[in-house]
Amino acid sequence: MIGYAARRLIQTIPTIFVMSIILFGIMQAIPGGPMAALAFNSHQSYAAKLAIIHRWGLDLPVYLQYFRWIGAMFTGDWQNSFFLNQPVNKVILARLPATLLLMTVGYLLTELLAIPAGILAALKRYSFFDQFVTFFAYVGNSMPTFWLGLMLLMVFGVFLQILPSSGVIDIRVTGAPFLTPEYNTWFSQNPVTGVLDVAKHIILPATTLAIVGVAADSRFVRASMLDAIHQDFVRTARAKGVPERTVILKHTLRNALLPVITNIALELPILFSGAVVTERIFTWPGMGQLFFQALEGYDYPLMMGILFVAGLLVIFFNVLADFAYAIADPRISYA
Amino acid sequence: MLERAVEQQVQVGQQPIVESGYDVAIKQFTLREIIYRRFMAHPLAKWGVVGLLVIIVACYGAPLWHLLFPNFIEAPDDFNVLQAGVGPGPQHLFGTDSLNGHDIFSQVLYGGRLSLIIGLGSMMLATSLGVLVGAFSGYFGGVADAMMMRVTDVLLTVPALLIVPLAARIFGADNPFYIAMIFGFLSWQSIARIVRSQFLSLREMQFTESARALGVPPARIILRHLLPNAVGPIVVAFTLGIAGNIVLEAFISFLGFGIQPPSVSWGSILAGAEEYLIDGNWWWITFPGLMVTVTVLCVNFIGDGLRDAFDPKIVN
């Protein structure tokens, strides 16, 4: 198992390199390149522009530019964001917790609803509840995530006005933006108010993620459960007089949840995309929102940094899925 | 061969089902008929077809509706600022937007033309690419296969949702042709994987071996012997991909990186809506999004029906 884990981790190294080459290539294709943000600055002389081009190494051949960039990525010199005027890695690190928080809560909510719903739907097949879950799954799968978010925002944030529609905290309550040192000291003094404040803000974005997630996962759990319930060992258990409760809880459920676990892990990258969309709608101060800001302002270093981190996250999620598979299914040997 | 088996009569003698006591003739179906029957037996698939046909006729016939009902359907570049932000009513079925006073019902009909063709066109490109890569990879195997699949894997890790707005910005956003191309280039990987896995098992089958023994060239084996056998999963992935790309287009255009205002798509109608949300004009957001949802729902029904129809494990 440890050998497998080590091999799987080593496999990610070429993947990371190819991903970085693709990202670099895409960024090269942007008209104007990194200078695009400065293109309309009339205060800048031509000589000054040439000086910047030389300082950034944009007059070098492309492959040298790539090596300079990838080298800088690994040594931690990610340059300053054009607009925020702070080191890119610090900006991303400051935004990452909000994204991970949203993903975690959305995820837990999804699974807490989807697994019981899928199991119940399978046990009471063709019942009203089953039909309802199927209907919900179809509709939830067909709705654009961003539109669902907008609708929830409109109903609960604008019309009913019972939930906050943007941000992660209420600055009138905390007195400082999320995760700044001032916020952290305030949070350590009033943890209960702090948690409640974040909880109130996370309801709408997390529900958006959860509705889409439940639509996909409940169908999967249901199918997996139905698969397990028709296996021979379940019939054997019933035939020898095992109580139905035990049959379901001990014999069926364990086997049914095996594919569910791996499916959950495989869905992490999809969840990440969902979080990016949701952040944009609810102005959640995470990486997704930061990316769209960077894109609108041609903030080159920030865009490259975010894309790189997002790629790394997806690769990391894929490794997690493989590990979950290896741990959950003892029948597969990875010697 | 299958065609020749049509209407082959099989006698069943022992147990007469018909009351008169005559032997019952059983018609044997061709594969195509079986798939058609299974598809129609799916409770929702045929409603998906009906719904999608209605939407296609409504959207692509929009210029005609404008000529027939000029009071209800505006011309695409027609708007009335004085009527901006009017709620749904007899004059404007879906209301008007708050920015220019476009009639949203007309816009939804006109916008569907681009949204649908982008969904379809992108998946046609993606399917051609995916089949090409997957077939080559799965049939020939070896080093080429290993390399192609690594590239496919890596392309799957590049977060598509972040790349699409970037690519749209690079290639000039307001051209629907480019948008469809970008979507196509970002969604062929899963089809390549499906085709590859199908080909891996099909190429070991005996009919492939006999074709090879007869000296049939690889291109013909792939096109005439393997591809028809893999068509089920490809068609299903194609259909579900259309649904996915219609949603993606809506999001990208909503953000303002996709279809731009003079042209309309379901996403671009929503583009300005977010800022006016606070005014409470719910119709602006609700109806275009509902249209996307209903369309995608129909496409998903069809995809599910096709999956059941092609699934060899399900016996009727």
Side-chain angles (χ1 to χ4, degrees), chain A residues 11-12 14-23 26-31 36 134 137-148 150-151 153-155 157-159 165 269-270 272-274 276-277 280-281 287-288 291-292 295-296 298 303 306-307 309-318, chain B residues 43-44 48 150-151 153-172 240 243-244 246-252 254-257 266-267 270 273-274 276-282 284-286 288-301 303-304:
Chain A
Q11 271 177 14
T12 59
T15 315
I16 291 175
F17 266 101
V18 179
M19 176 205 69
S20 71
I21 291 174
I22 292 174
L23 287 187
I26 291 172
M27 294 302 285
Q28 284 294 315
I30 294 188
T134 308
Y138 263 122
V139 176
N141 263 333
S142 306
M143 266 191 292
T145 312
F146 82 93
W147 182 67
L148 175 65
L150 277 178
M151 294 298 283
L153 191 148
M154 190 174 71
V155 173
V158 177
F159 283 139
S165 58
I270 301 172
F272 178 71
S273 316
V276 167
V277 176
R280 170 64 184 68
I281 300 298
M287 266 180 46
F291 179 76
F292 290 116
L295 193 60
E296 270 154 27
Y298 286 99
M303 268 193 269
I306 295 171
L307 281 174
V309 171
L312 284 184
L313 275 180
V314 174
I315 292 172
F316 172 69
F317 292 149
N318 284 338
Chain B
L44 297 166
R150 278 293 83 74
V151 171
D153 282 353
V154 174
L155 281 176
L156 279 172
T157 67
V158 178
L161 199 72
L162 300 183
I163 292 297
V164 169
L166 195 65
R169 173 150 273 191
I170 295 169
F171 293 109
L240 298 179
I246 289 176
V247 169
L248 190 60
E249 187 280 324
F251 179 61
I252 298 302
F254 161 73
L255 290 178
F257 296 113
W266 286 333
L270 289 169
E274 202 184 12
Y276 291 90
L277 203 60
I278 204 83
D279 296 348
N281 44 3
W282 53 272
W284 191 0
I285 292 178
T286 308
L290 212 55
M291 197 66 180
V292 177
T293 308
V294 170
T295 309
V296 171
L297 199 60
C298 289
V299 177
N300 280 337
F301 283 162
D304 267 22

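Throughout, a chain's letter reflects where its sequence line sits, starting with A, and its residues are numbered from 1.
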Which atoms of A/F291 approach chain B - backbone, side chain, both or neither, heavy atom under 4.5 Å: side chain
Contacts of type ring-ring contact (aromatic ring centres under 6.0 Å, His included), residue B/F251, not counting sequence neighbours: A/F146
Heavy-atom pair of closest approach, residues B/L240 and B/G303: CD2-CA, 4.1 Å
Flag if over 12 foreign heavy atoms under 6.0 Å of CZ, A/F159: yes
Region of A/L23 that comes under 4.5 Å of a non-hydrogen atom in chain B: side chain
Interchain contact, A/V18 with chain B, by part (heavy-atom threshold 4.5 Å): both
Which atoms of A/I22 approach chain B - backbone, side chain, both or neither, heavy atom under 4.5 Å: side chain
Contacting region of A/V277 [heavy-atom separation from chain B under 4.5 Å]: both
For chain A, the option from B/L277, B/V292, B/V247 that forms the most heavy-atom pairs under 4.5 Å: B/L277
CA sep, side-chain torsions, deciding dist, call: B/D304, B/L44, side-chain contact (heavy atoms from CB on, under 4.5 Å): CA-CA 9 Å; B/D304 267 22; B/L44 297 166; over 6 Å; no
Minimum-distance pair of heavy atoms, taken over all atoms of A/G288 and A/V276: CA-CG1, 3.9 Å
Option in A/M303, A/M19, A/M154, A/M143 with maximal non-hydrogen atom pairs under 4.5 Å from chain B: A/M154
Those residues that, when tested against B/W284, pass ring-ring contact (aromatic ring centres under 6.0 Å, His included) (two or more places apart): B/Y276
